[in-house]
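To start, the structure itself, in structure tokens.
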Amino acid sequence: MAIMLTQAPKGTRDILPEDIAQWNYVEQKFSELCKKFGYKEIRIPVFEHTELFQRGVGDTTDIVQKEMYTFKDKGDRSITLRPEGTAGVVRSYIEHGMGSLPQPVKLFYQITAYRYENVQKGRYREFHQFGVELLGAADPSADVEVISMLALYFEQLGIKNLVLNLNSIGCPKCRSAYNEKLKAYLKEHLSSMCETCRERYERNPMRILDCKEEGCKLRIKDAPALLDHICDECRDHFSKVTTRLEAIGIPYNIDKGIVRGLDYYTKTVFEFVSKNIGTQGTVCGGGRYDGLVEACGGAPTPGIGFALGVERLLLEMQSQGIELPKAETPHIYIGAIGEKAALMCERLAWQLRRNNIFCVKDIMNRSVKAQMKYADKLGAHYALILGDNEIENNKAQLKDMRTGETKDISLDTLIDRLVKHRG
RNA sequence: GUGGGUAUAGCUCAGUUGGUUAGAGCGCCAGGUUGUGGCCCUGGAGGUCAUGGGUUCAACUCCCAUUAUUCACCCCA
């Protein structure tokens, strides 16, 4: 089979001009909101050293085990296209000594990410994420700030009925104690469980709770839940988070099953889930990762963040019938008949554009009728055609394309009038 | 990695039990006016019917494979 020159690779897609306005809209809204909370934008590389993700995301995760786009560059370095944003941001935090900045350090980003997975609704191999990382703050207020940002973002976009699922997966201390309890419970059932679960039993028993195999689900149902076995400190942290969420009126649902995909998550984990955009309903996921900076070679630093799937966000907005902005249309179209008029058209359009007016002019040398049709299709508010009469009298008919009315207007005052009447 | 659906024009789709020049609507271009869009009318461009093989006198139509796409499993944003 010949390589498909005319087809984008599997799992990638073009965002076409007709859809750009809605992307710009959600991007701008997100960026404004982040700034109001004191977050600063950061831009990180599309690729990093493979080892960063192995450490930062975790060797036992599906992401690292089977979903990364990894290749050798010409210097024989192993390079990986970022499968998410947190690892890169944490690397940057360490590399640039951000631990010496006034704490906490609050960052946001809008990135593409890459995972080699089979494509389905709401899931692509190249996808877009908005994310936030809050580094240096261990207090439960930090968890609440990050979650409340999301709640406010959805509110501002007019999105309703997303469910906030919340859980705590404890700290390394209580988790290892819990893991022992879990292993003790699972030990007698192990022979009847699936192969991957038997492997997880050794490497990362908590992930067994995520298994969807029927046989395993049966065993898991009555397994001890981590949330019921976390240490006093983690319990206190979690209860402060929920108390504060209640204080500002953000509803949540405790879901003891949330584990999250990254190994370094600690304490609070959460996701915002939709029911109506297919089975990939997690619009946004995040959590606390107090061990991550240290694991990547920095000083012990608490952190919390989230990533929001933009494709899923837009799917959700569409499914809720939320009206999204469309591209701006020209304020005026200027056409011309004949060479003399074309020269005048050139000058006029130039002046309009220097005055910041959205102006489209004829560059096809077409008939008047074709030009008017074109102006109509562009959605221009006004149209104006220059010809011999206009040159002679220095006047033209300014046509309002919505009402069809025309007005005689002196070309000298055209710009003033358009500036005044704009918008 | 696994399973199901789908593949005909730029888009949405027809195409009879297999039958000769593959159609429609929308969109695009042009004309119907001598210098003015929308409605209407006329004309035009645009398809190796996803690709490769097979059955047949004959395949868009039946069979097989491949690829793409889509939905789902796994997992995640």
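Just so we're on the same page: letters track the sequence lines, and every chain starts at 1.
Taking the P atoms as reference points, B:C29 lies 13 Å from B:G38, given to the whole Å. Comparing B:A59 with B:G18, their P atoms are spaced 13 Å from each other, to the whole Å. Separation of the C1' atoms belonging to B:A24 and B:G47 is 14 Å when rounded to the nearest angstrom. For the P atoms, the distance from B:U2 to B:C57 is 39 Å, rounded to whole Å. Nucleotides B:G1 and B:U61 are separated by 29 Å at their P atoms, to the nearest Å. The gap from the P atom of B:U66 to that of B:G5 amounts to 15 Å, rounded to the nearest Å. When the P atom is compared between B:A68 and B:G32, the two are found 49 Å apart, to the nearest whole Å. For B:G27 and B:C41, the P atoms lie 12 Å apart once the distance is rounded to whole Å.
Put simply, A:Arg402 has no side-chain N or O that comes within less than 4.0 Å of OP1 or OP2 on B:G38. In this model, the phosphate group of B:C73 is approached by a side-chain N or O of A:Thr279 to a distance below 4.0 Å at OP1 or OP2. Between B:C29 and A:Lys373, no contact under 4.0 Å exists linking OP1 or OP2 to a side-chain N or O. The side chain of A:Gln120 contributes an N or O atom lying less than 4.0 Å from OP1 or OP2 of B:A72. Phosphate proximity of B:C29 to A:Lys377: present, with a side-chain N or O under 4.0 Å from OP1 or OP2. A:Lys66 has no side-chain polar atom (N or O) that falls below the 4.0 Å cut-off from OP1 or OP2 of B:C75.
Taking the ring centre of A:Tyr109 as origin, the terminal cationic atom of A:Arg43 falls outside the region bounded by 6.0 Å and 45° from the ring axis.
Distances from the side chain of A:Arg123 to the nucleotides B:G35, B:C74, B:A68 place B:C74 closest. Closest to the side chain of A:Asp376, from the set B:G38, B:C28, B:G32, is B:G38. In the set B:C76, B:G31, B:A30, B:C76 carries the atom at the smallest distance from any side-chain atom of A:Arg312. Of the candidate nucleotides B:G37, B:A30, B:A77, B:A77 has the atom nearest to the side chain of A:Gln129. With B:C74, B:G35, B:A77 as the candidates, the nucleotide lying closest to the side chain of A:Asp62 is B:C74.
Residue-level contact check: A:Val310 touches neither bases nor backbone, having no heavy atom under 4.0 Å from any strand. Counting non-hydrogen atoms under 4.0 angstrom, A:Tyr124 reaches a base of the nucleic acid. Across all strands shown, A:Ala375 has no heavy atoms under 4.0 Å from either base or sugar-phosphate atoms. Using a 4.0 Å heavy-atom cutoff across all strands shown, A:Glu311 reaches no nucleic acid atom at all. Here A:Lys121 lies in heavy-atom contact (under 4.0 Å) with sugar-phosphate atoms only. Using a 4.0 Å heavy-atom distance criterion, A:Glu316 is classed as making no nucleic acid contact. Note on A:Gly335: nothing from the nucleic acid sits closer than 4.0 angstrom, heavy atoms only. When heavy atoms are screened at a 4.0 angstrom cut-off, A:Gly285 is found touching the sugar-phosphate backbone but no base atom. If you check every strand for non-hydrogen atoms under 4.0 Å, A:Glu84 touches nothing. Residue A:Gly131 is classed as having no contact, given no heavy-atom separation below 4.0 Å to the nucleic acid.
Place A:Phe272 and A:Ile277 on RNA chain B by their nearest nucleotides, and A:Ile277 ends up nearer the 5' end. The 5' end of RNA chain B is approached more closely, in terms of each residue's nearest nucleotide, by A:Arg366 than by the other of A:Arg366 and A:Gly387.
At whole-Å resolution of the value, CG in A:Asn118 and P in B:A68 are 11 Å apart. Computed from coordinates, the A:Gln65 CD to B:C75 P distance equals 12 Å when rounded to whole Å. Rounded to a whole Å, the CE atom of A:Met401 is 8 Å from the C1' atom of B:U36. Distance A:Tyr374 OH to B:C28 P: 12 Å, rounded to the nearest Å. Rounded to a whole Å, the CG atom of A:Asp59 is 17 Å from the C1' atom of B:C75. A straight line from CZ of A:Phe270 to P of B:A77 spans 11 Å, rounded to a whole angstrom. One atom, CG of A:Asp388, and another, C1' of B:U34, lie 13 Å apart when rounded to the nearest Å. Rounded to a whole Å, the NZ atom of A:Lys369 is 14 Å from the P atom of B:U42.
Side-chain polar atoms of A:Tyr114 and A:Glu126 form a donor-acceptor pair below 3.5 angstrom. The closest side-chain donor-acceptor pair between A:Glu133 and A:Thr86 falls under 3.5 angstrom. A:Thr279 and A:Gln120 share a donor-acceptor pair across their side chains, judged by distance under 3.5 Å alone.
Between the base of B:A77 and the side chain of A:Arg115 there is a donor-acceptor pair shorter than 3.5 Å. For B:G35, the base has no donor-acceptor partner in the side chain of A:Gln371 [N/O atoms by modelled type, under 3.5 angstrom].
With both pairing distances under 3.5 Å, B:G43 is matched to B:C29 as a Watson-Crick or G-U wobble pair.
Here CZ of A:Arg115 is found 9.5 Å from CZ of A:Arg123. Values are rounded to the nearest 0.5 Å.
With a 4.5 Å cut-off on side-chain heavy atoms, A:Arg91 and A:His49 do not count as touching. For the pair A:Lys361/A:Arg353, a side-chain contact is recorded, criterion being any heavy-atom separation below 4.5 Å from C-beta on.
Applying the 5.5 angstrom centroid cut-off and the 30 degree plane-angle cut-off, the aromatic ring of A:Phe127 is stacked upon the base of B:A77.
With hydrogens and angles ignored, the 3.5 Å screen pairs no side-chain donor or acceptor of A:Gln351 with any backbone N or O of A:Leu348.
A:Asp143 has no carboxylate O lying under 4.0 Å from a charged side-chain N of A:Arg244, or vice versa, which leaves the two without a salt bridge.
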